Protein chains: 2
Amino acid sequence: MPETNPGLSIGQVAERTGLSVHALRFYEREGVLVAPVRRGPGGRRVYSDRDVEWLHLCVNLRASGMPLPAIRQYADLVRRGAGNEEHLLTLLRQHQGEVTAQIEQLTESLDIVTHKISSYTEQLAEGATGPIMCTAPQSS
Amino acid sequence: MPETNPGLSIGQVAERTGLSVHALRFYEREGVLVAPVRRGPGGRRVYSDRDVEWLHLCVNLRASGMPLPAIRQYADLVRRGAGNEEHLLTLLRQHQGEVTAQIEQLTESLDIVTHKISSYTEQLAEGATGPIMCTAPQSS
DNA sequence: GCTTGATCTAGAGTCGGCTCTAGCTCGTAG
DNA sequence: CTACGAGCTAGAGCCGACTCTAGATCAAGC
């Protein structure tokens, strides 16, 4: 493959990652990036494809609830290079577990909501007789 | 069924809902409860079973990402009584959609993490030859 | 030459959701 | 009678993750 990109500006990266330019600078300050972004003339950031790829990963991790400090930790390990694979795997497996748990929790909540919806729907169908409730119309 | 409970103190409710007493008072101030909690002698809160049931629902909604203002809105509708079933259903269906979307997003993220885990694991198994990466060892 | 728009830095502000503090009142146990 | 623990209110504080502001720089187009 040829050189895919000569480097992207912060604005372009914002577009393709969905992060704001503010967030991009913020992430860099926070050490979420594996390395500080290369600078072009005038001190402007020039993102490599690799940076963008990493940012996409970060977006995914954030979307699945990984806090920034954990992502920074991950980045630290990658930055330090070989010899940390075990640790990296540990982090990833932990997150995997957390995401799985989240999905379970959400599935459970979804169930409850779905039940509530069908009981309301039934009530409406049966003609609007009887009080609305289903849960707690008023305290005592 | 007989009167199951003569009313619970805030501490007891905290125990059974998993919310802190602070959070319970906070929720009440925020109008998340359908009605302000009954007060016993000395102005202390006395929670009915219904209150507790409602709080359990709130905990579930929060756990599935519903913001407090939305829960308050829901509570408002319940409080206002009959004639708002449609609106209530709209709220619930919307949340249902959001939770479903969340689950999809998480499932996707889980996939990515799982892939990353297997590729790291493979690398480790193949003997520690080659660089760690997988994504972005360093910028440019 | 001048304006426009994107970028830069440092640092302040915002928002949601609690959490904690201070200072007071109860009810019960010793 | 006093000490404790639980509760009360009003309001301040905190944390995470951004978001925004001010004031400066720079490249490109008119």
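What you are looking at is a predicted structure, and each value in this text was computed from that prediction instead of being measured. Proteins get letters first, then strands, A, B, ... in listed order; numbering begins at 1 in each.
Residue Leu33(B) is grouped with residue Val21(B) when hydrophobic side chains (ILVMFWY) are merged at heavy-atom distances under 4.5 angstrom, including chains of intermediate members. In the hydrophobic clustering of ILVMFWY residues, with side-chain heavy atoms under 4.5 Å counting as a link, Leu106(A) and Val113(A) come out apart.
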Practice item. Starting at the 5' end of nucleotides 1-18 of chain D, put B wherever the base has a protein heavy atom under 4.0 Å, S where only the sugar-phosphate does, and a dash everywhere else. Key: -----BSBB-------SB

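Taking CG of Asn60(B) as the reference point, atom CG of Leu110(A) lies at 10.5 Å (rounded to 0.5 Å).
Between the side chains of Ser64(B) and His95(B), at least one donor N or O sits under 3.5 Å from an acceptor N or O. Using modelled atom types, one finds no donor on one side chain facing an acceptor on the other under 3.5 Å when comparing Asp111(A) with Thr114(A).
The distance from atom CD of Glu30(B) to atom C1' of dC18(C) is 10 Å, rounded to the nearest whole Å. Nucleotide dA6(C) holds its P atom 10 Å from the CD atom of Glu15(A), rounded to whole Å.
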